[in-house]
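Structure record follows, encoded as structure tokens.
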Amino acid sequence: MRRTPKTGIEATLIRRILHALGASGKLRDIEVGPGDDSAVISPRPDAQWVVTCDSFFEQTHFLPRFHPPDVVGFKALARAVSDLAAMGATPRFFLVALALPPSRTGKWLDEMLAGMARAARRLGIQLVGGDTSAQPSASLCLTVIGEVWRGMAVARSGARPGDHLFVSGMLGEARLGLELVQRGMARRPSLRSFLRRHYYPQPRIELGRWLARHRLVTAMIDLSDGLSTDLHNLCRASGVGALIRSEQVPRANLPVVRGIEMNALQLALHGGDDYELLFAVPARHVPRIPARFEAIRLTDIGEVTRDRAILQQDARGRRKILHAQGWDPFRSK
Ligand SMILES: [Mg+2]
């Protein structure tokens, strides 16, 4: 992101972005910051970088009619960082490519950047570069870089038959928030906690790092697309199956809302957007997994099986196939 050579509207825009995201001063471990053609960063000895990117598009991932700009900025960065948490990494640096229609370069941009800056402070991640362009609709493409001690990153592919499957937090609340927002119920005070989960996801960075550092997990994934879909992704990568005990799946306490009929289990299994962690723990390490990590509940929901089928079992022991019914961007509606 060039700061000095450019003049005109883009230069002003870039200055505002750098100022809002606190990237105009001296930054930790960064030799050349976001004002130059590229950033120059010194990796720490014994560290490995964990790198990923995530796109956030108007209409696909956010709806300007329903989602305030600060929510757009916060969530775009938080969901990208969640993929670092899933590897057990500590977030360090990010780059942002912004495409904006002229109508979103004023107050909307300032509020969006304020939300992104708040997420960056909370997640401990620094802007090192980016790009801006004009487009008919808004999009935010985030590249995030995290750090792990050499050899400590946790992949999706290590789950083994007999491992226990755990999830963090309560599932389905974020999806419930989306349902409420789309029905114009966002302002009801009694429903605010569900909106918070949908608006401001909290990637489980400390939990992911703790599990990785103590080598308690064989595989890990963040729940962005819904438990059923992400479980399929983890099992496919590991070449295993799973048996989930559905009554154990931690789910939202649904409020009674007139006009909305929802099944808490279905929301928890397929809802998506939770940004909790799903992880596989060898049986010998299960006693080391606490019931809560900080305030976050950790729940044993089932086990990894040799047979590749992915099954759910109800309280009476009846089994059926758990299909991947979460978010799939390429599924026709
Ligand atoms: Mg992920």
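Just so you know, ligand 1 is whichever comes first in the structure, and atom 1 is the first atom listed for that ligand. Note that the structure is predicted; figures quoted are calculated from it, not measured.
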4.5 Å side-chain heavy-atom contact, Tyr275 and Pro203: no
Exam field: side chain Ser228 to backbone Gln325, donor-acceptor pair closer than 3.5 Å: yes
Other ILVMFWY residues reachable from Leu171 by side-chain steps of under 4.5 Å: Leu165, Val167, Ile221, Leu223, Leu227, Leu231, Leu234, Val240, Ile244, Val249, Leu265, Leu269, Leu278, Ile301, Val304, Ile310, Leu322
Any side-chain donor near an acceptor of the partner, Arg245 and Gln312, under 3.5 Å: no
ILVMFWY clustering at 4.5 Å (side-chain atoms), partners of Ile321: Leu243, Leu311
Inter- and intrachain pairs under ring-ring contact (aromatic ring centres under 6.0 Å, His included), touching residues 155-187, at least two apart: Phe166-Phe279
Number of protein N/O/S atoms that sit closer than 2.8 Å to the Mg ion (ligand 1): 2
